Every structure is written in structure tokens, then in C-alpha cells.
Amino acid sequence: MHLPDDDDWLLIERRAIGDRIRVRRIRLDLTQEQVFLAARIARSSYQEIETGVSDARISTLMKIARVLGVHVTDLLRS
């Protein structure tokens with residue numbers, strides 16, 4: 001099995017997760033602030049996750065998913 005030598009694929013996946021979070025948030029007519037406050041996570045952490053800048057702990061993704069009314073796997077699968 002051949003794996004890429006760089007982390008481009010990881011960046012692409014993080015951005016895709018962030019995109020799924022953002023799309024769901026907008027469909028629910030929620031602001032970023034409403035989501036990060038309800039999920040009880042820091043503003044900067046939430047913004048970094050939604051933009052795909054940083055990795056998120058699974059527990060953090062679970063909190064976000066709960067606020068958005070989806071299962072965490074819905075945020076992870078393409």
C-alpha cells in the first residue's frame with residue numbers, strides 16, 4: 001500500500017470536515033458563536049476546526065456534532 005509522503009491529504013480531510021460542520025451550521029441558521037458556546041469549546045478552537053487549520057479531538061467533534069444534531073460520523077465521512 002502506497003501512502004503519500006506529505007501531509008496534503010490530511011489538510012484536505014481536515015478542510016472537508018470543517019466544510020461539513022460549516023454547511024450544517026448554516027443550514028441550521030446558527031452562528032459560530034452559538035455553536036462553540038453550546039459545545040463549550042473555545043472560540044479559537046472552533047474556528048480552527050471549521051477552517052481546517054487544526055486537528056480536533058474526537059470528544060470535541062462529538063460535542064460539535066451534538067449541537068448540530070448529527071452523529072459524529074456524519075462529520076467524518078465524505
Side-chain angles (χ1 to χ4, degrees):
M1 181 169 149
H2 176 67
L3 296 176
D5 292 332
D6 54 48
D7 288 336
D8 287 345
W9 65 273
L10 185 57
L11 178 60
I12 291 166
E13 290 300 318
R14 282 197 319 245
R15 286 182 179 164
I17 292 167
D19 287 346
R20 287 189 282 278
I21 291 170
R22 183 174 45 262
V23 166
R24 179 68 180 169
R25 175 179 63 78
I26 291 169
R27 282 187 186 151
L28 294 173
D29 197 28
L30 296 172
T31 64
Q32 285 186 346
E33 183 174 23
Q34 289 171 309
V35 176
F36 72 72
L37 288 174
R40 296 182 181 184
I41 59 175
R43 173 191 308 260
S44 60
S45 295
Y46 179 81
Q47 290 172 333
E48 289 175 358
I49 293 166
E50 193 175 281
T51 58
V53 172
S54 72
D55 291 327
R57 294 174 55 145
I58 191 68
S59 59
T60 302
L61 288 176
M62 290 170 69
K63 290 176 184 179
I64 293 170
R66 184 172 185 212
V67 171
L68 298 177
V70 296
H71 193 274
V72 68
T73 55
D74 294 328
L75 301 179
L76 299 175
R77 66 179 130 198
S78 5

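Note that the coordinates shown come from a computational prediction; the quantities given were computed from them, not determined experimentally.
For the side chain to side chain contact (heavy atoms under 4.5 Å, CB included) test, residues two or more places apart in sequence or in another chain that qualify with Asp19 are Arg22. Legend: residues meeting salt bridge (Lys or Arg N to Asp or Glu O under 4.0 Å) with Arg24, ordered by chain and number and at least two apart, are absent. In terms of the salt bridge (Lys or Arg N to Asp or Glu O under 4.0 Å) criterion, Arg66 has no residue partners (sequence neighbours excluded). In this structure Arg77 satisfies the side chain to side chain contact (heavy atoms under 4.5 Å, CB included) test together with Thr73, Asp74, sequence neighbours excluded.
Hydrophobic clustering places Leu28 together with Ile49 (ILVMFWY residues linked when any side-chain heavy atoms are closer than 4.5 Å, directly or through intermediates). No single ILVMFWY cluster, assembled from side-chain heavy atoms under 4.5 Å apart, contains both Val53 and Leu10. When the side chains of ILVMFWY residues are joined at heavy-atom separations under 4.5 Å, either directly or via intervening members, Leu30 and Ile64 end up in a single hydrophobic cluster.
The hydrophobic cluster around Ile12 extends to none of the other residues, as no ILVMFWY side-chain heavy atom falls under 4.5 Å of it.
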Could you pull out all donor-acceptor pairs under 3.5 Å where a side-chain atom in residues 55-62 meets a protein atom, sequence neighbours excluded?
unit_1 : atom_1 : unit_2 : atom_2 : d
Asp55  : OD1    : Arg14  : NH1    : 3.4

Taking only distance into account, with no hydrogens and no angle test, what donor-acceptor pairs under 3.5 Å do side-chain atoms of residues 40-47 form with protein atoms, sequence neighbours excluded?
unit_1 : atom_1 : unit_2 : atom_2 : d
Tyr46  : OH     : Glu50  : OE1    : 2.5
Gln47  : NE2    : Gln32  : OE1    : 3.3

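Between the side chain of Arg25 and the backbone N or O of Leu68 there is no donor-acceptor pair closer than 3.5 Å.
Residue Asp8 holds its CG atom at 12.0 Å from CD of Glu13, rounded to the nearest 0.5 Å. A distance of 7.5 Å separates OG1 of Thr31 from CG of Leu37, quoted to the nearest 0.5 Å. With values rounded to the nearest 0.5 angstrom, Leu75 atom CG is found 5.0 Å from Ile21 atom CD1.
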